[in-house]
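Ligands are counted one by one from 1 in listed order, and the atoms in each one are counted from 1 as well.
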Amino acid sequence: MFDSLSGKLSGVFEGLSKRGKLSEDDVAEAMREVRLAMLDADVALPVVRDFTNKVRERAVGAEVLDSISPGQAVAKIVNDALIDALGGAGAVPLTLSAPAPIPFLMVGLQGSGKTTTSGKIALRLTNRERKKVLLASLDVQRPAAQLQLQQLAERAGVASLPIVPGQQPVEIARRAMEVGRREGYDVVILDTAGRLSIDEALMQEVRDVRAATSPAETLLVVDAMTGQDAVNTAQRFNEAVGITGVVMSRMDGDARGGAALSMRAITGAPIKLAGTGEKLEALEEFHPERVAGRILG
Ligand code: GDP
């Protein structure tokens with residue numbers, strides 16, 4: 001997984017003593033390579049600095065065993081630290097322990113993949129967790145948005161809230177929860193309106209819906225391909241409405257995944273799921289160890 005970085009790092013350690021403890025100079029040299037690899041993977045600069053400082057502390061004085069080269073030893077320390085920074089080994093599951101119907105609030109910018117992800121999560125919970133899921137679109141901004149979600153729900157074979165023209169987002173959310181209670185749904189997924197950019201009206205709308213429904217999850221959907229912008233988006237949404245988790249869409253693209261590391265470091269919210277294609281089945285648990293490998297290239 002970290003072969004490529006350890007390859008680069010072995011160059012750094014060439015000519016250095018191959019055994020014993022890593023010195024401050026050895027590590028400083030190696031950290032320059034790590035910094036370049038991370039910047040190349042689109043990790044935000046302050047996050048790179050913070051990360052390499054931590055890794056430097058861990059690596060200086062570390063014992064290099066006979067069986068591995070110093071390059072491999074440092075690459076392993078970097079890889080382990082990266083996995084930790086991405087949330088540790090294993091994926092963080094969605095919260096399903098609240099009393100039914102459990103509201104999930106989906107937030108994000110227009111075009112981030114929010115509606116598709118709502119459908120993907122509904123399908124996943126239906127198939128894997130055997131949950132009865134209701135999808136509801138609160139997007140009254142775009143005329144076709146509610147219809148889009150309804151069609152998506154039909155494709156996924158899950159229920160969607162009947163559309164009542166003229167209702168406002170908070171009213172729709174309350175109605176969805178009422179239907180959820182009355183008809184015995186386990187999870188109600190509320191897909192909020194997206195905007196092309198973050199504005200106060202959008203944030204207020206999300207806060208109002210949240211106050212009306214007390215969601216168990218407020219999931220931010222961000223497009224992994226947007227790199228640094230995705231990080232800014234996450235920071236602003238987190239400050240304004242508080243997020244409990246992130247779904248990174250378009251992880252099937254060639255984005256190196258640096259945004260995932262920045263996002264986790266800056267918001268503290270776990271990345272729970274990754275979108276890996278346009279199909280409704282294309283949703284996976286977020287695996288820190290896989291993304292670490294991708295960042296290290
Ligand atoms: P919204 O405006 O945020 O609700 O975005 P949509 O859900 O309408 O998605 C916008 C476009 O991105 C659609 O064409 C989706 O099929 C596509 N999309 C969503 N998630 C993914 C993903 O994980 N991978 C790829 N390749 N495309 C995606």
Side-chain angles (χ1 to χ4, degrees), residues 42 91 94 104-125 127-128 133-158 160-161 163 169 172-173 176 188-199 201-203 205-206 209 215 217-227 229-234 236-238 240-241 243 245-260 263 270-287 290-291 294:
D42 221 7
L94 294 172
F104 281 11
L105 194 57
M106 307 297 295
V107 301
L109 295 178
Q110 193 175 313
S112 61
K114 190 167 44 58
T115 300
T116 310
T117 304
S118 301
K120 287 177 175 181
I121 292 177
L123 184 63
R124 187 183 176 88
L125 294 178
N127 289 347
R128 296 205 183 194
V133 184
L134 179 67
L135 277 165
S137 170
L138 313 186
D139 189 348
V140 296
Q141 302 294 320
R142 284 188 308 133
Q146 295 189 59
L147 212 56
Q148 185 196 343
L149 189 76
Q150 193 175 58
Q151 286 162 354
L152 204 79
E154 277 166 24
R155 259 170 58 210
V158 298
S160 65
L161 187 73
I163 298 169
I172 302 174
V188 175
I189 299 179
L190 304 166
D191 182 21
T192 61
R195 301 274 204 281
L196 289 174
S197 63
I198 294 170
D199 61 41
L202 167 67
M203 293 305 181
E205 187 176 298
V206 174
V209 172
E217 292 273 14
T218 301
L219 296 173
L220 174 72
V221 181
V222 284
D223 179 350
M225 300 294 283
T226 59
D229 282 345
V231 180
N232 295 337
T233 303
R236 303 236 354 236
F237 267 97
N238 194 40
V241 301
I243 55 177
V246 175
V247 182
M248 292 201 72
S249 66
R250 297 205 182 83
M251 286 292 276
D252 50 312
D254 55 9
R256 293 270 305 281
M263 206 120 42
I271 298 161
K272 298 202 163 185
L273 296 161
T276 54
E278 296 202 38
K279 291 207 177 104
L280 288 175
E281 293 78 16
L283 184 71
E284 294 177 3
E285 280 164 11
F286 178 80
H287 289 286
R290 278 188 220 156
V291 177
R294 212 156 138 174

Protein heavy atom at shortest distance from atom 27 (N) of ligand 1: E278 CG, 3.5 Å
Heavy-atom nearest neighbour in the protein, as seen from atom 20 (N) of ligand 1, with distance rounded to 0.1 Å: K120 NZ, 3.9 Å
Ligand 1 atoms in contact with Q148 (distance to a heavy atom under 4.0 Å): 8 (O)
Proximity to ligand 1 by part of T276, non-hydrogen separation under 4.0 Å: backbone
Which segment of R195 sits under 4.0 Å of ligand 1 when only heavy atoms are counted: neither
Check: T192 side chain, M106 main-chain N or O, donor-acceptor pair, under 3.5 Å: yes
Identity and separation of the nearest protein heavy atom to atom 24 (N) of ligand 1: D252 OD1, 2.9 Å
Element-labelled atoms of ligand 1 that are located less than 4.0 Å from some non-hydrogen atom of S112: 3 (O)
K114: numbered ligand 1 atoms lying under 4.0 Å from its heavy atoms: 1 (P), 3 (O), 4 (O), 5 (O), 7 (O)
Pairs flagged by side-chain hydrogen bond (donor to acceptor under 3.5 Å, both in side chains) wherever residues 138-149 is involved - sequence neighbours left out: R142-Q148
L105: which of D191, I189, V209 passes side-chain contact (heavy atoms from CB on, under 4.5 Å): V209
Any donor-acceptor N/O pair, R250 side chain to G277 backbone, under 3.5 Å: no
Protein contact of atom 21 (C) of ligand 1 - nearest heavy atom, named by residue and atom, plus distance: G277 O, 3.5 Å
Protein contact of atom 10 (C) of ligand 1 - nearest heavy atom, named by residue and atom, plus distance: R250 NH2, 3.8 Å
Closest approach of any protein heavy atom to atom 15 (C) of ligand 1, naming residue and atom: T116 OG1, 3.6 Å
Donor-acceptor under 3.5 Å (S112 side chain, G108 main chain): no
Sub-4.0 Å heavy-atom approach of L109 to ligand 1: yes
Contacting atoms of ligand 1, where contact means under 4.0 angstrom from a heavy atom of G113: 1 (P), 3 (O), 5 (O), 6 (P), 7 (O), 9 (O), 19 (C)
Interatomic distance, K114 atom NZ to L109 atom CG [nearest 0.5 angstrom]: 9.0 Å
Proximity to ligand 1 by part of M251, non-hydrogen separation under 4.0 Å: neither
Inter-residue atom distance D199.CG - E205.CD, 0.5 Å rounding: 9.0 Å
Test salt bridge (charged side-chain N to carboxylate O under 4.0 Å, His left out) applied to E284 and R290, step by step: CA-CA 12 Å; E284 294 177 3; R290 278 188 220 156; 3.6 Å; yes
Whether over 12 other heavy atoms sit under 6.0 Å from R195 CZ: yes
Check: I243 main-chain N/O paired with N238 side-chain donor or acceptor under 3.5 Å: yes
Structural part of T115 in contact with ligand 1, heavy atom criterion under 4.0 angstrom: both
G194 heavy atom under 4.0 Å from ligand 1: no
Proximal ligand 1 atoms for G275, defined as those under 4.0 Å from one of its heavy atoms: 23 (O)
Carboxylate-amine/guanidinium contact E285 K272, below 4.0 Å: no
Contact check, G111 vs ligand 1, heavy-atom distance below 4.0 Å: yes
